Amino acid sequence: AQSVTQPDIHITVSEGASLELRCNYSYGATPYLFWYVQSPGQGLQLLLKYFSGDTLVQGIKGFEAEFKRSQSSFNLRKPSVHWSDAAEYFCAVFSGGYNKLIFGAGTRLAVHP
Amino acid sequence: DAGVIQSPRHEVTEMGQEVTLRCKPISGHNSLFWYRQTMMRGLELLIYFNNNVPIDDSGMPEDRFSAKMPNASFSTLKIQPSEPRDSAVYFCASSLTNMGTSGRVEQFFGPGTRLTVL
């Protein structure tokens with residue numbers, strides 16, 4: 001069955017430090033992959049998506065993600081974190097068989113000044 | 001564009017009462033999704049409509065939950081009777097989906113309705 005694993009429930013980084021959030025997926029075919037961000041009290045906002053082609057995708061707010069088929073991973077990165085990046089981040093895979101998004105459990109990011 | 005609109009933003013009710021959550025998708029979108037978010041279970045898809053027709057309701061927890069989409073601009077999620085374990089944040093999302101791009105589209109989320117059942 002399709003699934004998404006985000007191994008880190010909580011991550012704390014200092015402002016200005018680099019960030020990598022991990023995401024592993026289980027899906028038989030070529031996956032459609034997404035990263036969403038949820039700020040406190042808000043809905044989810046799409047950061048970036050991967051469908052095909054270049055395995056390094058750029059998103060909004062300075063985020064990027066790299067698709068690695070051999071590792072079944074789609075990790076999210078940012079070279080320098082800002083305090084406003086504190087939020088919860090969700091990785092998701094589109095399950096064509098079920099025609100819906102499968103979300104990971106989320107990673108809550110805290111940013112120290 | 002106003003984005004996906006949900007009402008109410010917060011709802012507090014007592015066990016056994018009927019609760020109705022409302023959603024207005026983005027104009028022109030033909031797919032609508034209802035999700036539930038809890039600490040224990042994360043984000044779960046409850047039901048998915050395409051062109052106002054329910055396509056997949058396998059995520060609806062039980063018969064107490066029902067959803068309708070009478071037209072392209074409005075959907076409701078109803079819980080009757082409500083129970084404390086229904087307390088969660090309920091999100092509505094919409095997207096523009098067609099046969100050629102199914103899945104390769106962004107779902108736009110509303111701000112959610114925080115439901116508390118006492």
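A, B, ... follow the sequence lines: proteins, then strands. Residue 1 opens every chain. Note that the structure is predicted; figures quoted are calculated from it, not measured. Hydrogens, waters and symmetry mates are skipped; everything else that's a heavy atom, side chains included, is used.
Cluster annotation: B:Ile79 is not connected to B:Tyr48 through the hydrophobic network of ILVMFWY side chains, with a link wherever side-chain heavy atoms come within less than 4.5 Å. The cluster map of Ile, Leu, Val, Met, Phe, Trp and Tyr, joined by side-chain heavy atoms under 4.5 Å apart, puts B:Val53 and B:Trp34 in different clusters. Neither A:Phe94 nor B:Phe49 shares a network with the other; the hydrophobic side chains, linked directly or stepwise wherever heavy atoms of I, L, V, M, F, W or Y lie under 4.5 Å apart, form separate groups for each. A:Leu56 and A:Phe34 are assigned to two separate hydrophobic clusters, defined by single-linkage of ILVMFWY side chains at heavy-atom distances under 4.5 Å. Following chains of ILVMFWY side-chain contacts shorter than 4.5 Å, one cannot reach B:Leu32 starting from B:Tyr35, and the two form parts of different hydrophobic clusters.
Contact of B:Phe108 with chain A is not made at all, since no heavy-atom distance falls under 4.5 Å. Heavy atoms of A:Gln45 lying under 4.5 Å from chain B are absent altogether. Heavy-atom distances place no part of B:Ser31 under 4.5 Å from chain A, backbone and side chain included.
Counting heavy atoms from C-beta outward, A:Phe90 and B:Gln37 have side chains that approach closer than 4.5 Å. A:Leu101 has its side chain out of reach of B:Leu43: every pair of non-hydrogen atoms, C-beta onward, lies at least 4.5 Å apart. Side-chain contact check for A:Tyr36 versus B:Glu106: some heavy-atom pair is nearer than 4.5 Å.
Residue A:Ile9 qualifies as open at atom CD1: its count of foreign heavy atoms under 6.0 Å is 12 or below. Residue B:Glu83 places its CD atom among more than 12 non-hydrogen atoms of other residues, nucleotides or ligands, all under 6.0 Å distant.
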For residues 16-24 of chain A, which side-chain N or O atoms pair as donor and acceptor with protein atoms under 3.5 Å away, sequence neighbours left out?
residue : atom : partner : partner atom : Å
A:Glu20 : OE2  : A:Asn75 : ND2          : 3.3
A:Arg22 : NE   : A:Asp8  : OD2          : 3.1
A:Arg22 : NH2  : A:Asp8  : OD1          : 2.9
A:Arg22 : NH2  : A:Asp8  : OD2          : 3.4
A:Asn24 : ND2  : A:Gln71 : O            : 3.4
A:Asn24 : ND2  : A:Ser72 : O            : 3.4

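Contacts between residues 109-118 of chain B and chain A, defined by a heavy-atom separation under 4.5 Å, are made by B:Phe109, B:Gly110, B:Pro111. By a heavy-atom distance cut of under 4.5 Å, B:Phe91 are the residues of residues 84-95 of chain B near chain A, going up by number. By a heavy-atom distance cut of under 4.5 Å, not one residue of residues 60-68 of chain B is near chain A.
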